[in-house]
Amino acid sequence: MSQITVTLPDGSRKDFDSGVSVLNVAQSIGSRLARAALVAKVDGRLVDLTTRLDSDAAVTILTERDPEALQVYRHSSAHLLALAVIELFPETQLGIGPPIENGFYYDFQRETPFTAEELESIERRMSELVKTDYPFERLWMDKAEGLEWFSNQGADLKCELIQERAGERFSCYKVGSLIDFCRGPHIPSLGRIKALKLLSVAGAYWRGEETNQQLQRIYGTSFYDKKQLAAYLHQLEEAKKRDHRRIGKELDLFSLQEDAGPGLVFWHPNGALIRNEIEDFWRERHLSGGYEFVYTPHIAKKDLWRTSGHVDFYRQSMYSPMEVDEVDYQLKPMNCPFHILIYKNQLRSYRELPLRWAETGTVYRYERSGVLQGLLRVRGFTQDDAHIFCQSEKIEEEILGVLDFTLSLLRSFGFTDFEIYLSTRPEKYVGSVEDWDLSTEALRRAVEARGLEYSTDEGGGAFYGPKIDLKIKDAIGRSWQCTTIQFDFNLPERFDLSYVGDDGRSHRPYMVHRALLGSMERFFGILIEHYAGAFPLWLAPVQVVLLPISQRHAEAASALESRLLQEKFRVKADLRNEKVNAKIRRAQIEKVPFMVILGDRELEKGTLSVRNRFEGDLGSFSFEKFLDLIQDLRDKKAVRP
C-alpha cells in the first residue's frame, strides 16, 4: 500500500497508508482531539471525519473552538429538524435547510400550517432523536438513479434541485430514516448535538422567488451546551424589548406608510431631529477630516449606469427605467458615478489630490417585500457616502485614514467592539486578477498596520473591487454591518479618469468608495436598539423636561424653559394639571435624560431638584451647576451621565 504525507497546522508532517480516514489522523494526534473533533479541513476544504485521504494533504481538525465547525453543527441540526418533521408528518415535502448566522432553518411544503403545539412536538422529537445517536452517512447516487429515487418519494422540490445542481454523481446524507440531497459535510452523529431550540415558523417562497409556491420555514438554533443556548435565548428576549419598530412607534420617531409603498421611511419630527444631530456631527467631523461636500441628482440617463457596469452587474437591485423625452432614465442605486462626473468636469492635477468628496445621498434599490424589515432593510435610504480620488502611491495612506476616521466616529456613538472582514474577489468581477490581488493586499496591509484583527470573507467583494467591511457590536452583543471601505480600479478605467502628474503626463487615479455609518435609516435603527430608545443626551429629542409640582409653579417652569432654550437645549415644560409622580412616569416612558422638579422648596432656595432617567434623584443643583453638567455631557457626546 502506498504512503501519503499529511501536513498538520503547526507545519509538522505525518506519514500514513493511502486511504486513511481523517478521524484516524485525529486519533494519531491524540485521543482527546479525536473525541472533540466535529469536522475537518483538507487542503482548505471542509470534509466529514470519515473522508479518506488518497494523496498528500494539509489537514486541520476542527472542534468546538472553530467557528466553521459551528456552521456544520447547525447544518446537521437542520437535518435533524427535517428528520423529526418527516417522522411526525410524513406527507411533508422537504425544501432546503442551511445554517444561518445564529442558527438554521428548513423549508417545508405542507398543506396545513404548523401550529405552536406542533412546533413543540417537533422539538421534543428532535431531542429524542439526539439520544439515538444516529450517524451521518454519506451516500453517492448516479444522477438518473437519484432522480428516480427522489421522484418515487414524491420529493419534487429535491428533484428540481438535483436537476439544476447535481453532477453525474452526487452526494446524499442518510441519518435515521432521512436521505437528503446534500453536499455536506456533517458532524459524526446526532448525539453530538447538545442544546437546541425551535424559534418560529414563517412563510418563505421556494428559492426566494415570489412567483414560486409558498413554503413554511421553521427557524431554530443550536449550541454546544445549554448555557450558551440560554444566553442566546436571553439575548433574543432583550432584542424583542429593543425592537426599533416598537420603540419607534412609542417615541413617535418614524413610520412606514402602506399608502406610499413598503420600504420607504417617513421621518417624524422626533426622529428627524435625531437624524439632524447625527448629520450635523457627521458634517463637522468630515470637514475637520479634509472632506468637501457635494450634492447630486436622484436620477440619471440609463447609459450612465451602462458605463459604470451597474446595468450588467447590479440590474436585479435596480428599478425599471422611466422615459423622459424618449430617453431612459434610472433611479440611482449608487452615488459613485455622479461623483465621477464631477471629477471629470475639469482637468485635474496631482496638486489637487487627494480629493475627498462626501455626500448624504439618497439611493433606491429593489428589495423583495419579504425581506423588508423596518429601518434595517428598506428600498429608499440615505448613504453617508464618500469617494476619494488619489495617486496610486497614496492609496494605503488614504485607507489608513479612513480606518482611523471610522473607528473614531463609531466610538462617538457609543460603539467600542468591532469585527473587521477583508472581502476578496467574487465569482463575477471586472478587471484583471493581478489588479485584484494588488488591491486586496493594499487593504490587508492597511488593516494590519493598525494591528486590527480581521477575518477574510472569500468572494465577498463588490464586482468592481475588494473591500473592508466593519461590523459593530451593540449593547446585547449582536453584530451589525455598518462601514464599507471599497477599493475601485474599475470605474476610473471605465470613465477614463485621469490627472496630470508632476511629470506632465496623464495618469489614472485610484478610487476608494466608503460609507461609515452605512445608511442613515439602518444606522438609526441600530442606535434605537443599542440604546433601547434611551438615547444619550446629545441625541435625545427632548433633553430636559421641567415638572412643576402644581400650577403655581408653572411660571417658574416657563422661565427656566426660556433660559435653557437660550443655551440651545431641547427642553419642554410639562404644565399639565397632574400629580408630579405621573409626570415623572411619563418622562421615563418618553426616555427623557433629565427631569427637573420645581416646587415651593426649590423656588424658596433658588435650586433645582434634578432626576436622571437611569439613577433617579440626583439631589439639589444650582442652575449654574446643572447647566455645567448637561453642557459637559452634550459637548463630550457622553453615552450616559
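Side chains are part of it too, since the values below use all heavy atoms of this structure and drop only hydrogens, waters and symmetry mates. Everything numeric here is computed off the predicted structure, so don't read it as measured data.
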K.L.:
Measuring from atom CD of Gln543 to atom CD of Glu567, what distance do you get when rounded to the nearest 0.5 angstrom?
P.N.:
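Reported to 0.5 Å precision, the distance equals 12.0 Å.
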K.L.:
Aromatic rings Phe223 and Tyr232: how do their planes relate, parallel, tilted or perpendicular, breaks at 30° and 60°?
P.N.:
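Phe223 vs Tyr232 ring planes: tilted.
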K.L.:
Between the main-chain N or O of Gln481 and the side-chain N or O of Arg522, is there a donor-acceptor pair closer than 3.5 Å?
P.N.:
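Indeed, once roles are kept as given, a pair shorter than 3.5 Å links the two residues.
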K.L.:
Checking Gln486 against Thr484: is there a side-chain donor and acceptor pair closer than 3.5 Å?
P.N.:
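On atom types as modelled, these side chains do not qualify, holding no pair under 3.5 Å.
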K.L.:
Whether the side chain of Asp384 engages the backbone of Leu516 through a donor-acceptor N/O pair (distance < 3.5 Å, no angle test) should be reported.
P.N.:
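Here the side-chain-to-backbone pair exists.
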K.L.:
Between Glu578 and Lys583, does any NZ, NE, NH1 or NH2 come within less than 4.0 Å of an OD or OE carboxylate oxygen?
P.N.:
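Salt bridge between Lys583 and Glu578, a charged N being under 4.0 Å from a carboxylate O: no.
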K.L.:
Going through the distances and angles, do Asp600 and Arg552 end up as a salt bridge (charged side-chain N to carboxylate O under 4.0 Å, His left out)?
P.N.:
CA-CA 9 Å; Asp600 291 339; Arg552 66 178 180 274; 2.8 Å; yes
K.L.:
Is Arg634 salt-bridged to Asp632, cutoff N-O under 4.0 Å?
P.N.:
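No salt bridge links Arg634 with Asp632.
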K.L.:
Does any N or O in the side chain of Asp488 come within less than 3.5 Å of the main-chain N or O of Asn490, such that one atom is a donor and the other an acceptor?
P.N.:
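Flag set: sc Asp488 to bb Asn490 pair under 3.5 Å.
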K.L.:
Between Arg450 and Asp404, is there a side-chain N and carboxylate O pair less than 4.0 Å apart?
P.N.:
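Salt bridge between Arg450 and Asp404, a charged N being under 4.0 Å from a carboxylate O: yes.
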K.L.:
Hey, does the side chain of Ser255 reach the backbone of Gln257 with a donor-acceptor pair shorter than 3.5 angstrom?
P.N.:
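Side chain of Ser255 to backbone of Gln257: no pair is present.
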K.L.:
Kindly indicate, with the supporting measurements, whether the criterion side-chain contact (heavy atoms from CB on, under 4.5 Å) is fulfilled by Lys467 and Ile485.
P.N.:
CA-CA 5 Å; Lys467 60 179 180 171; Ile485 305 167; over 6 Å; no
K.L.:
Once you round to the nearest 0.5 Å, how far does CD of Glu284 lie from CD of Glu279?
P.N.:
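The distance works out to 14.0 Å.
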K.L.:
Are side-chain N/O atoms of Thr360 and Thr382 paired as donor and acceptor at under 3.5 Å?
P.N.:
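No donor-acceptor contact under 3.5 Å links the two side chains.
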K.L.:
If we ignore hydrogens and angles and just use 3.5 Å, is the side chain of Arg315 paired with the main-chain N or O of Val311 as donor and acceptor?
P.N.:
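Yes: the side chain of Arg315 pairs with the backbone of Val311.
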K.L.:
To the nearest 0.5 Å, what is the distance between CD1 on Ile342 and OH on Tyr295?
P.N.:
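The CD1 atom of Ile342 sits 12.0 Å away from the OH atom of Tyr295.
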K.L.:
When you measure from the side chain of Arg611 to the backbone of Gly616, do you find a donor-acceptor pair of N or O atoms at a distance under 3.5 Å?
P.N.:
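No, the answer is negative, given that no donor and acceptor are paired below the 3.5 Å cut-off.
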K.L.:
Using side-chain heavy atoms (C-beta onward) and a distance below 4.5 Å, is Met318 in contact with Arg365?
P.N.:
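Answer no - side chains too far apart.
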K.L.:
Is it possible for you to check whether Arg613 lies under 6.0 Å from the centre of the six-membered ring of Phe594, through NZ or CZ, and within 45° of that ring's axis?
P.N.:
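No; the conditions do not both hold, so Arg613 does not lie above the ring face of Phe594.
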K.L.:
Could you tell me whether Glu448 and Arg444 make a salt bridge, using a distance below 4.0 angstrom between a side-chain N and a carboxylate O?
P.N.:
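Result for this pair is no, no salt bridge flagged.
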K.L.:
Does this structure show an ion pair linking Arg275 with Glu521, if we count only N-O contacts that are shorter than 4.0 Å?
P.N.:
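Salt bridge between Arg275 and Glu521, a charged N being under 4.0 Å from a carboxylate O: yes.
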K.L.:
So, for Arg285 and Ser408, which heavy atoms are closest and what is the spacing to 0.1 Å?
P.N.:
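Closest approach of Arg285 to Ser408: NH2-OG, 2.8 Å.
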K.L.:
Between the main-chain N or O of Ala540 and the side-chain N or O of Arg570, is there a donor-acceptor pair closer than 3.5 Å?
P.N.:
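Between the backbone of Ala540 and the side chain of Arg570 there is a qualifying donor-acceptor contact (under 3.5 Å).
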K.L.:
With a 6.0 Å cut-off on the ring centroids, do Phe415 and Trp480 count as close?
P.N.:
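Aromatic pair excluded; centres sit 6.0 Å or further apart.
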K.L.:
Could you check whether Arg576 pairs with Asp574 (Lys NZ or Arg NE/NH1/NH2 to Asp/Glu carboxylate O, under 4.0 Å)?
P.N.:
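So Arg576 pairs with Asp574 through a salt bridge.
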K.L.:
Using the rule given for side-chain contact (heavy atoms from CB on, under 4.5 Å), can you reason through Ile388 versus Ile395, listing the C-alpha separation, both sets of side-chain angles and the distance that settles it, and then say yes or no?
P.N.:
CA-CA 9 Å; Ile388 300 171; Ile395 189 67; over 6 Å; no
K.L.:
Between His339 (side chain only) and Cys336 (backbone N and O only), is there a donor and an acceptor less than 3.5 Å apart?
P.N.:
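No.
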K.L.:
So, using salt bridge (Lys or Arg N to Asp or Glu O under 4.0 Å) as the criterion, who are the partners of Arg368 when residues are at least two apart?
P.N.:
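For Arg368, no residue satisfies salt bridge (Lys or Arg N to Asp or Glu O under 4.0 Å) once neighbours in sequence are set aside.
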K.L.:
When rounded to the nearest 0.5 angstrom, what distance separates OG1 in Thr483 from CG in Leu403?
P.N.:
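Thr483 OG1 to Leu403 CG: 9.0 Å, rounded to 0.5 Å.
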K.L.:
Please find the pair of heavy atoms, one from Lys344 and one from Leu497, that lie closest to each other, and give the distance.
P.N.:
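Closest pair (atom of Lys344, atom of Leu497, distance): CG-CD2, 3.2 Å.
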K.L.:
Would you please say whether a donor-acceptor pair under 3.5 Å links the side chains of Arg601 and Ser609?
P.N.:
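Per modelled atom types, Arg601 and Ser609 side chains form no pair under 3.5 Å.
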K.L.:
Tell me the closest heavy-atom pair linking Val592 and Val542, and the distance in Å.
P.N.:
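Val592 and Val542 have their closest heavy atoms at CG1-O, 3.5 Å.
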K.L.:
Is there a salt bridge (charged side-chain N to carboxylate O under 4.0 Å, His left out) between Lys240 and Glu237 once you walk through the steps?
P.N.:
CA-CA 5 Å; Lys240 286 180 185 177; Glu237 286 302 312; 3.5 Å; yes
K.L.:
Do other residues, nucleotides or ligands put more than 12 heavy atoms under 6.0 Å from the CD atom of Gln346?
P.N.:
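Yes.
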K.L.:
Minimum heavy-atom separation for Phe623 to Arg563, with atom names?
P.N.:
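Smallest interatomic distance, heavy atoms only, reads CD2-NH2, 3.0 Å.
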K.L.:
Can you tell me which residue among Arg478, Arg245, Arg242 is in a salt bridge (Lys or Arg N to Asp or Glu O under 4.0 Å) with Glu529?
P.N.:
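Checked Arg478, Arg245, Arg242 against Glu529; only one passes salt bridge (Lys or Arg N to Asp or Glu O under 4.0 Å): Arg478.
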K.L.:
Looking at Arg356 and Glu292, does any basic side-chain N land under 4.0 Å from a carboxylate oxygen?
P.N.:
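So Arg356 does not pair with Glu292 through a salt bridge.
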K.L.:
In terms of ring plane angle, is the pair Phe338 and Trp305 parallel, tilted or perpendicular, where the classes change at 30° and 60°?
P.N.:
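The arrangement is tilted - the two ring planes meet at 30° to 60°.
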K.L.:
Mind listing the closest non-hydrogen atom pair of Ala557 and Leu598 along with its distance?
P.N.:
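In terms of heavy atoms, the two residues are closest at CA-CD1, 3.6 Å.
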K.L.:
For Lys332 and Thr296, test the side chains for any donor-to-acceptor distance below 3.5 angstrom and give the result as yes or no.
P.N.:
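Note: Lys332 and Thr296 side chains meet the donor-acceptor criterion.
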K.L.:
Between Leu603 and Ala556, which heavy-atom pair has the shortest distance, and what is it?
P.N.:
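Looks like CD1-CB, 3.9 Å.
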K.L.:
Distance under 6.0 Å and angle within 45° of the ring axis: does Arg217 meet both against Tyr105?
P.N.:
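Yes; both conditions hold, so Arg217 lies above the ring face of Tyr105.
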K.L.:
Should the heavy atoms of other residues, nucleotides or ligands under 6.0 Å from NZ of Lys605 be counted, would the total exceed 12?
P.N.:
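Atom NZ in Lys605 is not crowded, with 12 or fewer foreign heavy atoms closer than 6.0 Å.
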K.L.:
Using the salt bridge (Lys or Arg N to Asp or Glu O under 4.0 Å) criterion, which residues pair with Lys473? Sequence neighbours excluded.
P.N.:
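Result, salt bridge (Lys or Arg N to Asp or Glu O under 4.0 Å) vs Lys473: Glu419.
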K.L.:
Hey, would you say the Phe413 and Phe523 ring centroids sit under 6.0 Å apart?
P.N.:
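Yes, ring centres under 6.0 Å apart.
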K.L.:
Does the gap between the ring centers of Phe405 and His286 come in under 6.0 Å?
P.N.:
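Yes, the ring of Phe405 comes within the 6.0 Å limit of the ring of His286, centre to centre.
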K.L.:
Would you please classify the geometry between the His310 ring and the Tyr314 ring as parallel, tilted or perpendicular, with 30° and 60° separating the classes?
P.N.:
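Tyr314 and His310: perpendicular rings.
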K.L.:
Indicate whether any N or O donor in one side chain lies under 3.5 Å from an N or O acceptor in the other, for His387 and Asn335.
P.N.:
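Judged by distance alone, the side chains do not pair up.
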K.L.:
As an exercise, state the distance from CG of Leu355 to CZ of Arg348, rounded to the nearest 0.5 Å.
P.N.:
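Between Leu355 CG and Arg348 CZ, I get 5.5 Å after rounding to 0.5 Å.
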K.L.:
I'd like to know whether NZ of Lys197 has more than 12 heavy-atom contacts from other residues, nucleotides or ligands below 6.0 angstrom.
P.N.:
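It does not: Lys197 NZ has 12 such atoms or fewer within range.
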K.L.:
What residue among Trp357, Tyr510, Phe495 forms ring pair (Phe, Tyr, Trp, His ring centres under 6.0 Å) with Phe389?
P.N.:
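Single ring pair (Phe, Tyr, Trp, His ring centres under 6.0 Å) partner of Phe389 among Trp357, Tyr510, Phe495: Trp357.
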K.L.:
With side-chain contact (heavy atoms from CB on, under 4.5 Å) as the criterion, how do Leu546 and Lys572 come out once you've worked through the C-alpha distance, each side chain's angles and the decisive distance to 0.1 Å?
P.N.:
CA-CA 6 Å; Leu546 308 177; Lys572 179 176 72 174; over 6 Å; no
K.L.:
Can you see whether His298 engages Thr362 through a side-chain donor-acceptor pair at a distance of less than 3.5 angstrom?
P.N.:
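On atom types as modelled, these side chains do not qualify, holding no pair under 3.5 Å.
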K.L.:
Roughly how far apart are Asn102 CG and Gln235 CD, rounded to 0.5 Å?
P.N.:
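Rounded to the nearest 0.5 Å, the CG-CD separation comes to 6.5 Å.
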K.L.:
side-chain contact (heavy atoms from CB on, under 4.5 Å), that's the test. Do Met511 and Tyr343 meet it? Break it down for me.
P.N.:
CA-CA 11 Å; Met511 184 176 176; Tyr343 183 95; over 6 Å; no
